[in-house]
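Below is one structure, written out as structure tokens, with a few remarks after it.
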Amino acid sequence: MEDKNLTKRDLQALETKKRLIRSAHEVFLKNGFNKTTISEIIKKAGVGYGTAYVYFKNKDAMFVTVMERFLQVADQTFHPNSVVAAREQILNQVRAFLELAIEEKNMLKVIKEAIGISDVVEARWLEIRKQFIESITNDITYSQSNNLVSTKFDAPIAAKSWYFMNEMFLWECVETEEVNLDKIVEQLSLLYTSALYE
């Protein structure tokens with residue numbers, strides 16, 4: 001939601017930045033990371049070079065902004081009051097994560113390409129991964145403090161294990177034409193909840 005105290009100039013600046021991000025998204029999808037030029041993005045956005053460089057110093061910085069959508073699943077709140085509620089929320093989170101992978105399959109292919117080319121993009125992917133792991137760690141810690149999960153589990157280690165299983169299936173959803181999403185979601189959730197939420 002935009003701040004109502006923004007000036008007309010601020011709103012124009014915000015709209016220009018959004019236009020650049022939308023154009024970057026389209027051009028990266030069309031060309032891939034390596035073949036995309038910042039000039040093409042700027043031309044598509046219909047802004048001047050000086051204006052574009054106020055917001056982004058290069059195409060890597062633009063691409064990192066395009067990647068931010070993948071954090072939305074990590075930001076979901078997790079406050080179950082029972083094992084049943086926890087299992088249901090976990091199942092929904094896994095589904096949301098993998099559905100986003102399928103929906104954004106083409107962009108994730110570009111992200112995979114970019115990770116191998118750009119240190120900036122690779123660093124941002126590692127930060128996104130870290131944020132997911134921290135979020136899962138917090139979820140496990142919350143469940144432990146509410147006696148839903150045994151304290152014998154080390155929350156950060158369990159969180160890393162859980163995240164990497166999910167990321168493996170994320171890439172499988174990207175690289176495979178047809179996946180049995182329901183089965184993957186069911187089995188991943190069952191494996192995790194059976195271990196933690198006995």
query: Checking side-chain contact (heavy atoms from CB on, under 4.5 Å) for the pair Asn146/Asn81: CA distance, chi angles, key distance, verdict?
result: CA-CA 8 Å; Asn146 286 279; Asn81 56 10; over 6 Å; no
So, the side chain of [X] versus the backbone of [Y]: is there a donor-acceptor pair under 3.5 Å, distance only?
X      : Y      : answer
Glu167 : Arg129 : no
Gln144 : Phe153 : yes
Lys160 : Ile133 : no
Lys17  : Phe56  : no
Lys59  : Ala24  : no
Tyr55  : Leu20  : no
Ser118 : Ala114 : no
Ser135 : Gln131 : no

Measuring from atom [atom1] of [X] to atom [atom2] of [Y], what distance do you get when rounded to the nearest 0.5 angstrom?
X      : Y      : atom1 : atom2 : result
Phe33  : Ile111 : CZ    : CD1   : 11.0 Å
Lys43  : Thr37  : NZ    : OG1   : 9.5 Å
Glu175 : Leu170 : CD    : CG    : 9.0 Å
His79  : Asp139 : NE2   : CG    : 8.0 Å
Ile41  : Arg22  : CD1   : CZ    : 14.0 Å
Leu98  : Gln93  : CG    : CD    : 12.0 Å

Between [X] and [Y], is there shared hydrophobic-cluster membership here, with clusters defined by ILVMFWY side-chain heavy atoms closer than 4.5 Å?
X      : Y      : answer
Ile117 : Phe63  : yes
Met168 : Leu91  : yes
Leu126 : Met107 : no
Tyr163 : Trp171 : yes
Leu190 : Val179 : no

- prompt: Hey, mind stepping through Tyr53 and Ile38 against side-chain contact (heavy atoms from CB on, under 4.5 Å) and telling me if it holds?
  reply: CA-CA 10 Å; Tyr53 283 106; Ile38 196 163; 3.2 Å; yes
- request: Test Glu127 against Lys130 for salt bridge (charged side-chain N to carboxylate O under 4.0 Å, His left out), laying out the working first.
  value: CA-CA 5 Å; Glu127 285 172 26; Lys130 183 180 174 193; over 6 Å; no
Under a 3.5 Å threshold, yes or no: a donor from one side chain and an acceptor from the other, between [X] and [Y]?
X      : Y      : value
Ser39  : Tyr49  : yes
Glu40  : Asn31  : yes
Tyr197 : Ser143 : yes

query: Are the aromatic rings of Phe169 and Phe97 close, with centres under 6.0 Å apart?
result: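 For Phe169 and Phe97, the ring centres are not under 6.0 Å apart.
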- prompt: Between Phe132 and Asn166, is a side-chain contact (heavy atoms from CB on, under 4.5 Å) present by the stated rule, with each step listed?
  reply: CA-CA 11 Å; Phe132 268 102; Asn166 279 273; over 6 Å; no
- prompt: Would you call Thr137 and Thr141 a side-chain contact if the rule is heavy atoms closer than 4.5 Å?
  reply: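 Thr137 vs Thr141: side chains touch.
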Which atom names give the shortest non-hydrogen contact between [X] and [Y], and what distance separates them?
X      : Y      : result
Arg19  : Val47  : NH2-CG1, 3.3 Å
Ser189 : Val94  : OG-CG2, 3.8 Å
Val149 : Ile140 : CG1-CG2, 4.5 Å
Lys105 : Cys173 : CE-O, 3.1 Å

- request: Could you walk me through whether Arg95 and Leu181 pass side-chain contact (heavy atoms from CB on, under 4.5 Å), step by step?
  value: CA-CA 8 Å; Arg95 182 171 295 284; Leu181 183 64; 4.0 Å; yes
message: Atom NZ of residue position Lys44 - does it have more than 12 heavy atoms of other residues, nucleotides or ligands inside 6.0 Å?
response: no
